[in-house]
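Order of the sequence lines sets the chain letters (A, B, ...), proteins ahead of strands, with each chain counted from 1.
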There are 2 protein chains.
Amino acid sequence: MTTERAAAEPLAKTLRDAITRLGRRVRQARPVGDLTFSQLSALTSLQLAGALTPRELADVERVQPPTMTKIVGKLEDRGLVARTPHPTDGRQVILAATEQGKAVYAQYEQARNEWLAQALDRLSPEERETLASAADILQRVARG
Amino acid sequence: MTTERAAAEPLAKTLRDAITRLGRRVRQARPVGDLTFSQLSALTSLQLAGALTPRELADVERVQPPTMTKIVGKLEDRGLVARTPHPTDGRQVILAATEQGKAVYAQYEQARNEWLAQALDRLSPEERETLASAADILQRVARG
DNA sequence: CCATGCTCATTAGCTAGGCTAAGTATCGTG
DNA sequence: CACGATACTTAGCCTAGCTAATGAGCATGG
């Protein structure tokens, strides 16, 4: 265990640095529209999950419920998210992306990939292969 | 070109997703202290560069100068950053981390690595090898 | 069957971080 | 030396995040 930990520490530092930098670059590639990162992230989670309550969405996004209330409010104002009452529990609300919300999501999704895809273009096939393997591992790490 | 681009697109999506999720997890691993992410990031950049002017620091952090004025102000209030006049240019200011700032930086640095290092511990040596190669590639991509 | 306590969502009020526009001081050059 | 450019700050605005408090609905025990 100790030996493995010794191997993991410098890797953690390098990896975190790379992730931080890349994350900034990708986040800065904001398209013409005016959705903020938080709004887009919430919309994405809703889109992927299909439908969620505010509490569930707050948990997924790792923010407190009042924060999610604000963000969802903005998305509602733009007509990107709609709320329907919960069928059995009068306290809860069901949030889902509207058709327009799905369209906007798709636009942003492509714009966000643009910069990164271009950068990856310039790598060798072998390097891309390495990154593909690494991406799988990283996703498992992020979930676990 | 077209064929390479076809290869890069899905990889960009997967990679971005992994980076986004991991970035959140790492960022949430905030220690007991009360420095915000932006403050810590600025302190880190100063620490790594040795000393910078506000403009340079703003460029590195990819924010506008007025934003950096605020952040540096907070760090100054805590005694983590000190400013000295520029030797030849009266308009400019030199920012640098104080001894206390360096100590605080080191604490946070370790705390931030903690979660990731533990997660990496659970991987196989081969997987860590893949991640190490990937980290190098990603750093080049982020710079370039 | 209803009183009491829990959960969900929101509101209120605060701080931090981001922006643009405008102001001030200094530099550098014609 | 006057005038444009540059460096930094100030002012004012918005979003995002938090905690505390409020209100509405559910669920359960007497």
Side-chain angles (χ1 to χ4, degrees), chain A residues 20 23-25 27-46 51-78 80-96 108, chain B residues 20 23-25 27-46 51-78 80-96 108:
Chain A
T20 303
R24 278 189 199 170
R25 294 293 294 259
R27 217 167 304 133
Q28 277 152 8
R30 284 253 295 273
V32 286
D34 44 5
L35 279 193
T36 66
F37 183 71
S38 295
Q39 290 168 11
L40 184 53
S41 182
L43 181 59
T44 300
S45 291
L46 268 186
L52 293 171
T53 68
R55 160 65 81 180
E56 289 169 337
L57 184 53
D59 286 346
V60 169
E61 294 290 304
R62 304 226 180 207
V63 298
Q64 295 302 310
T67 301
M68 193 45 70
T69 296
K70 284 190 192 177
I71 295 173
V72 168
K74 301 267 166 54
L75 292 174
E76 269 189 283
D77 292 345
R78 295 167 187 272
L80 306 180
V81 163
R83 64 176 62 212
T84 56
H86 191 286
T88 64
D89 189 336
R91 296 167 300 181
Q92 296 188 48
V93 179
I94 307 292
L95 302 173
Y108 274 80
Chain B
T20 303
R24 278 189 198 169
R25 294 293 292 259
R27 218 167 303 134
Q28 277 152 8
R30 284 252 294 272
V32 286
D34 44 5
L35 279 193
T36 66
F37 182 70
S38 294
Q39 290 169 11
L40 184 53
S41 182
L43 181 58
T44 300
S45 292
L46 269 186
L52 293 171
T53 68
R55 160 64 80 181
E56 289 168 337
L57 184 52
D59 286 346
V60 169
E61 294 290 303
R62 304 227 179 208
V63 299
Q64 295 302 308
T67 301
M68 194 45 70
T69 296
K70 284 190 191 178
I71 295 172
V72 168
K74 301 266 164 54
L75 292 173
E76 270 189 282
D77 291 346
R78 294 167 187 272
L80 306 180
V81 163
R83 64 175 63 210
T84 57
H86 191 285
T88 63
D89 190 336
R91 297 167 300 180
Q92 295 188 49
V93 178
I94 308 291
L95 302 172
Y108 275 81

Original post:
Please give, in whole Å, the distance from dA16(C) C1' to Leu75(B) CG?
Top reply: 12 Å
**OP:** Could you tell me whether Ser41(A) contacts a base, only the sugar-phosphate backbone, or nothing, with contacts defined as non-hydrogen atoms closer than 4.0 Å?
**Re:** nothing
Subject >> Spacing between Leu95(A) atom CG and dA9(C) atom P, to the nearest angstrom >> reply: 8 Å
Original post:
Residues two or more places apart in sequence or in another chain: which of them pass side chain to side chain donor-acceptor pair (under 3.5 Å) with Arg55(B)?
Top reply: none
**OP:** Please report, rounded to the nearest Å, how far the C1' atom of dC14(C) is from the CG atom of Asp34(B).
**Re:** 16 Å
Original post:
How long is the gap from CG on Leu75(B) to CG on Leu43(B), to the nearest 0.5 Å?
Top reply: 6.0 Å
**OP:** Measure the spacing between CG of Leu52(B) and CD1 of Ile94(B) and express it to the nearest 0.5 Å.
**Re:** 8.5 Å
**OP:** Would you give a per-nucleotide map of nucleotides 8-20 of chain D, 5' to 3', where B means the base has a protein non-hydrogen atom under 4.0 Å away, S means only the sugar-phosphate does, and - means neither?
**Re:** SBB-B--SBBBBB
Subject >> Spacing between Asp59(B) atom CG and dA7(D) atom C1', to the nearest angstrom >> reply: 12 Å
Original post:
Salt bridge check: are Lys74(B) and Asp34(B) linked by an N-O gap of less than 4.0 Å?
Top reply: no
**OP:** Supply the atom-to-atom distance Glu56(B) CD to Leu95(B) CG, rounded to the nearest 0.5 angstrom.
**Re:** 9.0 Å
Original post:
Say you draw a straight line from OG1 of Thr53(B) to CG of Asp89(B); how long is it, rounded to the nearest 0.5 Å?
Top reply: 9.5 Å
